[in-house]
Amino acid sequence: MIPESLFIGNTCFGNILTPDGWCLGEIHWRDGRITGLVGEPVNPATNDHPRILPGFIDLHVHGGGGADAMQGAEALTTLARTHARFGTTSLLATTMTAPDAEVRDVLQAIATYMEAPPADAARVLGVHLEGPFINPGKLGAQPAHARAGTIAELDALCALAPIRLVTLAPELTGHHELIRHLAQRGIRVQLGHTLGSYEEGVAALGNGACGFTHLFNAMSGLHHREPGMVGAALAHADYAELIPDLLHVHPGAIRAALRCIPNLFAVTDSTAAAGMPDGEYRLGEQTVSKCLGGVRLADGTLAGSTLTMDQALRNLVAIGMTLADASDRLSRYPAAFLGLTEQGQLCAGALADLVVLDTQLNLKAVVIEGREILGESPCP
């Protein structure tokens with residue numbers, strides 16, 4: 001019998017999504033790690049008990065709660081706390097294309113923040129460097145500081161902060177060598193903000209690139225005689241990120257990508273406007289406006305999103321995905337893409353990062369390393 005309270009001590013009760021499927025029972029943790037799960041196999045549609053999922057992992061976060069990652073350590077605290085309230089337990093702080101000195105400053109700020117992060121916030125795993133090594137002809141909402149990069153300067157940037165993921169355009173001079181170098185260092189490379197051809201995308205994957213940034217957006221599109229970067233992704237990718245706010249990508253295109261890319265995963269690409277009312281906000285050096293559920297530059301260009309991961313989950317379910325599959329694309333697959341072995345699934349030994357939802361998939365609680373960030377009652 002499941003008690004009325006979600007939590008009793010370091011135990012949560014409900015329909016638990018495990019690596020082996022759903023079970024109805026208890027999940028226990030101690031000292032920030034899961035110590036065990038007890039329960040019986042179940043179809044959660046047969047009861048009204050809470051749904052317990054792995055905490056969400058967002059690999060593309062520019063801002064939230066009115067704060068932009070490019071603004072430094074204080075802003076990082078705000079955005080990490082904001083996204084924790086929506087179920088994100090780990091994230092990558094994502095930069096904008098900017099002058100060299102500004103990029104170096106924000107990397108140092110992120111490194112400083114990571115040395116002593118707040119306990120009531122999503123875990124910052126490191127940096128997603130989105131630019132400046134992108135195509136000036138496919139900026140999207142990125143400022144006009146795009147250019148080719150070199151191995152020496154990437155190594156210098158990596159010395160400032162833990163860069164875990166780099167978005168770049170493979171067609172720029174020297175970038176195939178750069179991709180090989182980053183892959184050898186264990187840094188993930190995604191292709192994005194690119195005018196590259198299908199052939200250039202396939203070559204980049206052969207050199208060690210392993211994903212695509214906000215699939216379909218800011219890249220050469222699919223044509224049956226010129227498949228473009230989208231065609232390279234659909235034909236060859238094992239991983240790609242996608243923004244499922246149902247504004248950046250049509251549900252039909254999402255379904256097509258799901259059939260082609262086995263480990264397609266969700267990101268928010270969220271801006272300072274996430275979790276905030278309509279109005280004007282910063283995105284790097286630019287001002288963006290939030291209205292009608294989206295964020296845009298003055299010329300109408302989509303500029304990141306207001307999406308949160310709990311809404312991403314609901315959107316994926318709304319277009320026909322099972323809750324278990326949607327959960328994998330917000331937790332298990334991004335963890336696997338980044339090589340995280342202690343996150344993304346609920347099993348003994350994993351970090352006690354979890355979200356609890358009601359039958360309508362509204363968040364009831366968020367737990368990060370055993371600490372309740374949002375919920376009915378504090379956990380000891």
Side-chain angles (χ1 to χ4, degrees), residues 12 14-19 27 34 50-65 79-94 117 120-126 128 164-165 214 239-246 254 263-271 274-275 304-318 321-347 350-358 360-375:
C12 190
N15 298 281
I16 306 165
L17 181 59
T18 77
I27 182 168
I34 297 170
R51 280 70 171 139
I52 304 171
L53 308 178
F56 306 140
I57 301 171
D58 191 350
L59 304 188
H60 197 146
V61 181
H62 289 287
L79 76 85
R81 283 174 170 158
T82 298
H83 284 281
R85 298 202 320 268
F86 296 99
T88 296
T89 54
S90 291
L91 60 85
L92 289 181
T94 305
D120 59 346
R123 182 186 303 105
V124 175
L125 299 167
H128 176 173
R164 306 292 295 274
L165 173 60
H214 40 56
Y239 288 92
E241 59 166 64
L242 181 142
I243 309 168
D245 60 355
L246 309 186
I254 296 176
N263 301 305
L264 187 74
F265 61 89
V267 297
T268 62
D269 196 5
S270 59
T271 66
S305 83
T306 65
L307 187 64
T308 56
M309 287 295 256
D310 63 325
Q311 187 60 51
L313 182 82
R314 290 189 289 270
N315 288 349
L316 291 175
V317 172
M321 195 174 293
T322 67
L323 178 57
D325 193 9
S327 172
D328 282 346
R329 297 176 192 280
L330 272 68
S331 301
R332 185 160 69 95
Y333 296 161
F337 176 75
L338 213 59
L340 307 175
T341 59
E342 300 178 328
Q343 299 174 53
Q345 54 186 345
L346 301 179
C347 59
L351 292 174
D353 295 348
L354 55 96
V355 295
V356 185
L357 305 102
D358 64 18
Q360 302 304 307
L361 305 186
N362 298 306
L363 269 180
K364 303 299 290 182
V366 180
V367 175
I368 302 177
E369 290 189 37
R371 299 184 301 273
E372 192 174 348
I373 307 302
L374 169 74

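Between H60 and H62 the shortest side-chain heavy-atom distance falls below 4.5 Å. M309 is not listed as a side-chain neighbour of I57, based on a closest heavy-atom distance of 4.5 Å or more. Side-chain contact between D58 and T308 is absent, with no heavy-atom pair separated by less than 4.5 Å. Within the 4.5 Å cutoff, the side chain of L351 has heavy atoms near those of the R123 side chain. For the pair L264 and R329, the minimum side-chain heavy-atom distance is below 4.5 Å. Looking at N315 and I254, their side chains never come closer than 4.5 Å, going by heavy atoms from C-beta outward. With a 4.5 Å cut-off on side-chain heavy atoms, L91 and T268 do not count as touching. T18 has its side chain out of reach of L346: every pair of non-hydrogen atoms, C-beta onward, lies at least 4.5 Å apart.
With D353 contributing its side chain and I368 its backbone, the two residues share no donor-acceptor pair below 3.5 Å. For the pair R164 (side chain) and L92 (backbone), a donor-acceptor distance under 3.5 Å is absent. No side-chain donor-acceptor contact under 3.5 Å links H83 to the backbone of A121.
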Take D269 and D245, measure what side chain to side chain contact (heavy atoms under 4.5 Å, CB included) needs, and give me the verdict at the end. CA-CA 10 Å; D269 196 5; D245 60 355; over 6 Å; no
I would like to know whether L313 and L357 meet side chain to side chain contact (heavy atoms under 4.5 Å, CB included); could you show each step before the answer? CA-CA 11 Å; L313 182 82; L357 305 102; 3.9 Å; yes
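The two residues E372 and A365 make their nearest non-hydrogen contact at OE2-CB, 4.0 Å. In this structure, L307 and A312 approach most closely via the heavy-atom pair CD1-N, 3.8 Å. Summarising the geometry of V317 relative to A326, their closest heavy-atom pair is CG2-CB, 4.1 Å, with the distance given to 0.1 Å. Between T82 and A274, the closest heavy-atom pair is CG2-O, 4.0 Å. Scanning all heavy atoms of the two residues, the minimum distance from L330 to A266 falls at CD1-CB, 3.6 Å. Across every non-hydrogen atom of S90 and A122, the tightest pair is N-CB, 4.3 Å.
By the side chain to side chain donor-acceptor pair (under 3.5 Å) test, T88 is found to be paired with no residue, residues two or more places apart in sequence or in another chain being considered. Annotation: side chain to side chain contact (heavy atoms under 4.5 Å, CB included) contacts of F265 (sequence neighbours excluded): L59, Q190, Y239, E241, V267, Y333, P334, F337. Considering only residues two or more places apart in sequence or on other chains, R332 meets the salt bridge (Lys or Arg N to Asp or Glu O under 4.0 Å) condition with D328.
Distance CD1/I243 to OG/S270: 9.5 Å, rounded to 0.5 Å. A distance of 12.0 Å separates NZ in K364 from SG in C12, rounded to the nearest 0.5 Å. Put simply, CG on L354 and OG1 on T89 are 8.5 Å apart, with the number rounded to the nearest 0.5 Å.
For D120 and R371, the salt-bridge test fails: no basic side-chain N is under 4.0 Å from an acidic carboxylate O.
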